[in-house]
Amino acid sequence: MTASAPEPGGGAPDAAGRPGPLLTVERLAKQFGGVRAVDTVDFAVDAGTITGLIGPNGAGKSTVLSVVSGQLPPTSGRVRFAGADVTGQPMHRLARLGVVRTFQLARVFGGLTTLENLVVGVPQQRGLTPLGILGGRRVWGPQERTLIDRARQLLTTFGMAHTADDLARTLSGGQRRAVEIMRALMMRPRLLLLDEPMAGLSPSLTRRLEEIFLELCTTGLAVLLVEHELESVERLCSNVVVMANGRVLAQGRMADLRTRREVQDAYVVG
Ligand code: ADP
Ligand code: MG
């Protein structure tokens, strides 16, 4: 639990009736054979806030996202989301609850258009499955039209409306990354887990993404942001968790963390 929680949390209320954090990670551990990738990690994320997760390569950041998103089961520890224990639940169930992640390397369907990439990401549709659309069955029903409207809105927000009908394989690396983030947003997540979304983006696209994330937070979205670009982390994150060697080294505001010796050492040595 964080020491101070000024924002409404979104999780189960405490004894005094205040909402708890939306996400709580308790003594989380993940081992791969003899490698302790994540080793007794604790932190919490409130609704409507962006929490940074930083640290040198190999610190265990992506593994934390994999476990929180349900892609990998933890070796031990607990994950609580919106007041419920969701430890070890599979990714599709967590996605339905509102926990959605993106990957360090953007994953897009190169042979589909940008618009189609957004629409096929959303599960639970009748008459439109990824296999259906990949097989060339592009028949849009009313449900799909709602999704298409939403996809077009997101494309406009991201400044990519002109690419709607371009095949994704013709997009730049930065645009593909944006497509992956939009596809996650199509799921209307409550908690968005982002793995280095700014990597390789131009300064202008980075700034645009920052504005979009901050805007989304005003609607209550919580974000757990793994990011190397510490300037972005400082601008976006109310709380930052620093990891090294699978453990939490420090937590707090980026401006304070920068001055701490153990954080500086982790980056230099790490
Ligand atoms: P980060 O994202 O902070 O760079 P990772 O979570 O990717 O770190 O990796 C943490 C550690 O776990 C590293 O030592 C990495 O080699 C190891 N690791 C990550 N995923 C696997 C895996 N699937 N199998 C074995 N080792 C892994
Ligand atoms: Mg990583």
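Order of appearance sets the numbers: ligands from 1, and atoms from 1 within every ligand.
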* Is the shortest distance from atom 4 (O) of ligand 1 to a protein heavy atom below 4.0 Å? -> yes
* To do: Using protein heavy atoms only, decide if any is under 4.0 Å from atom 21 (C) of ligand 1.
  => yes
* Asked: Regarding S66 and R101, is there a side-chain donor-to-acceptor distance under 3.5 Å anywhere?
  -> yes
* Give a yes-or-no answer on whether the side chains of D166 and T114 include a donor-acceptor pair shorter than 3.5 Å. => no
* Might you confirm whether atom CZ of R258 has over 12 heavy atoms from other residues, nucleotides or ligands at distances under 6.0 Å? => yes
* Metal check, the Mg ion (ligand 2) vs T63 N/O/S, cut-off below 2.8 Å -> no
Around [atom], find the nearest protein heavy atom and jot down its residue, atom name and distance.
atom	value
atom 14 (O) of ligand 1	V35 CG1, 4.0 Å
atom 9 (O) of ligand 1	T63 OG1, 3.8 Å
atom 12 (O) of ligand 1	A37 CB, 3.2 Å
atom 8 (O) of ligand 1	G60 N, 3.2 Å
atom 7 (O) of ligand 1	S62 CB, 3.8 Å
atom 10 (C) of ligand 1	G58 O, 3.4 Å

* Is the closest basic N to carboxylate O distance between R145 and D149 below 4.0 Å? -> no
* **Closest non-hydrogen atom pair between E210 and L236, with its separation** => O-CD2, 3.6 Å
* Considering all heavy atoms of both residues, which atom of P189 and which atom of A184 are nearest to each other, and what is their separation? -> CD-O, 3.4 Å
* **For N57, atoms of ligand 1 separated by under 4.0 Å from a heavy atom** => 4 (O)
* What are the atoms of ligand 1, with element, lying closer than 4.0 Å to any heavy atom of A59? -> 1 (P), 3 (O), 8 (O)
Quick check: do [X] and [Y] have side-chain heavy atoms less than 4.5 Å from each other?
X	Y	answer
F43	N239	no
V241	I54	no
V25	D42	no

* Asked: Looking only at N/O atoms, are F32 and ligand 1 under 3.5 Å apart anywhere?
  -> no
* Judged by non-hydrogen atoms, does G55 sit under 4.0 Å from ligand 1? -> no
